[in-house]
Undergrad: 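This is the structure I want to talk about, given as structure tokens.
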Amino acid sequence: MPADEPADQPSNQPADQPSGQAADQPPGQPLAALRTGRLRRRLPQLYLGLVLYGVSLALMIRADLGLDPWDVFHQGVVSRTPFSFGTIVIIVSIVVLLAWIPLRQWPGLGTVSNALLVGVVVDLALAVLSVPGSLVLRFVFMIGAIVLNAVATAAYIGAQLGPGPRDGLMTGLVRRTGRSVRLVRTTIEVTVLAVGWLLGGQVGIGTVMYALGIGPLVHVLLPRLTVRTEPGTRRRAPVRIASGP
């Protein structure tokens with residue numbers, strides 16, 4: 001639902017579930033992130049961002065115009081199992097976190113919260129939303145979902161409390177393999193998109209809209225929502241401009 005690229009190397013590709021790790025937060029130090037202060041601002045921002053992210057995914061699903069790569073994969077798995085969309089998001093998040101172990105990647109509070117909360121919110125939002133009756137309203141849902149997803153992504157990444165499971169997988173692979181962020185991220189997202197499509201996940205105009213819109217929106221919003229955690233530190237965007245939970 002939602003892999004990080006340095007702020008001085010803008011990405012034109014969005015994030016999945018979405019989340020990221022701040023450029024000034026060393027990897028593998030989740031407790032250090034809690035000691036850098038301003039938790040009264042950062043914790044509410046983290047959880048509000050994750051809630052909004054879950055709602056944005058539900059809007060995208062109800063728009064029925066296509067999903068981002070990771071959610072195409074989630075939807076494909078849902079079509080082959082008895083589980084809800086949110087449950088699959090949580091299960092996949094846990095499986096991805098297990099892949100962090102050989103990468104020596106450590107989860108933070110934001111990582112664990114992302115893995116558990118987004119899926120719960122998606123299911124709750126899907127329970128109250130229905131597919132719009134007209135194509136125009138479906139596009140309104142899709143555009144609203146992309147904008148809300150960008151705000152949510154910038155909010156929870158900007159809280160600087162740990163990358164999401166999928167983004168942490170990407171940054172861990174970049175560190176271990178020495179390959180570029182762009183190559184690793186593209187490889188992961190093309191793979192999950194293709195597998196999800198083969199399983200029955202929906203790829204459509206909404207997939208293209210998300211890919212084109214999310215990066216520029218997060219690029220604008222992220223500096224404004226990144227919380228400075230120490231006096232005198234430079235306000236920096238986290239390494240990635242997000243893709244899913």
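If you're wondering where the values come from, they're calculated on a predicted model, not measured in any experiment.
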Undergrad: Is there a continuous path of hydrophobic side-chain contacts, each under 4.5 Å between heavy atoms, that joins Val151 to Leu59?
TA: no
Undergrad: Are any of the side-chain heavy atoms of Val120 and Leu124 separated by less than 4.5 Å?
TA: yes
Undergrad: Checking Val77 against Phe83 for the side-chain contact (heavy atoms from CB on, under 4.5 Å) test, could you report, in this order, the C-alpha distance in whole Å, the side-chain angles of both residues, the deciding distance, and whether it holds?
TA: CA-CA 9 Å; Val77 176; Phe83 301 117; over 6 Å; no
Undergrad: I'd like to know if the side chain of Ser113 reaches the main chain of Gly110, judged simply by a donor and an acceptor atom lying under 3.5 Å from each other, with no hydrogens or angles considered.
TA: no
Undergrad: Quick one: side-chain contact (heavy atoms from CB on, under 4.5 Å) partners of Leu48, sequence neighbours excluded?
TA: Leu52
Undergrad: Apply the side chain to side chain contact (heavy atoms under 4.5 Å, CB included) test between Val72 and each candidate in Leu193, Leu199, Val192; give the one that qualifies.
TA: Leu193
Undergrad: According to the interplanar angle, ranging from 0 to 90°, do the rings of Trp70 and His74 count as parallel (below 30°), tilted (30 to 60°) or perpendicular (above 60°)?
TA: tilted
Undergrad: Determine the minimum heavy-atom distance between Val122 and Gly54, stating which atoms define it.
TA: CG2-O, 3.5 Å
Undergrad: Are Trp197 and Thr207 close enough that some pair of their side-chain heavy atoms sits under 4.5 Å apart?
TA: no
Undergrad: Please assess Val92 against Arg166 for the test side-chain contact (heavy atoms from CB on, under 4.5 Å), listing each intermediate value before the final yes or no.
TA: CA-CA 9 Å; Val92 172; Arg166 296 154 187 79; 3.7 Å; yes
Undergrad: Does Trp100 use its side chain to pair, donor to acceptor, with the backbone of Pro165 at less than 3.5 Å?
TA: yes
Undergrad: Mind checking what makes side chain to side chain donor-acceptor pair (under 3.5 Å) contact with Ser79, not counting sequence neighbours?
TA: none
Undergrad: Any side-chain heavy-atom pair from Leu161 and Leu43 closer than 4.5 angstrom?
TA: yes
Undergrad: Indicate whether the side chain of Gln105 and that of Arg176 have a donor and an acceptor atom separated by less than 3.5 Å.
TA: no
Undergrad: How close do Thr177 and Leu173 get, heavy atom to heavy atom, and via which atoms?
TA: OG1-O, 2.6 Å
Undergrad: List the steps and the verdict of side-chain contact (heavy atoms from CB on, under 4.5 Å) for Leu57 and Asp68.
TA: CA-CA 9 Å; Leu57 294 188; Asp68 65 273; 4.1 Å; yes
Undergrad: Please output the side-chain donor-acceptor pairs of residues 126-148 that fall under 3.5 Å, not counting sequence neighbours, one pair per line with the distance.
TA:
{"residue": "Ser134", "atom": "OG", "partner": "Leu137", "partner atom": "N", "Å": "3.2"}
{"residue": "Arg138", "atom": "NE", "partner": "Ala63", "partner atom": "O", "Å": "2.9"}
{"residue": "Arg138", "atom": "NH2", "partner": "Asp64", "partner atom": "O", "Å": "2.8"}

Undergrad: For side-chain contact (heavy atoms from CB on, under 4.5 Å), just list the numbers for Asp123 and Thr87, CA-CA rounded to whole Å, side-chain angles, deciding distance to a tenth of an Å, and then say yes or no.
TA: CA-CA 8 Å; Asp123 277 351; Thr87 300; 4.0 Å; yes
Undergrad: Verify, without hydrogens or angle tests, whether Gln75 (side chain) and Ile61 (backbone) share a donor-acceptor contact under 3.5 angstrom.
TA: no
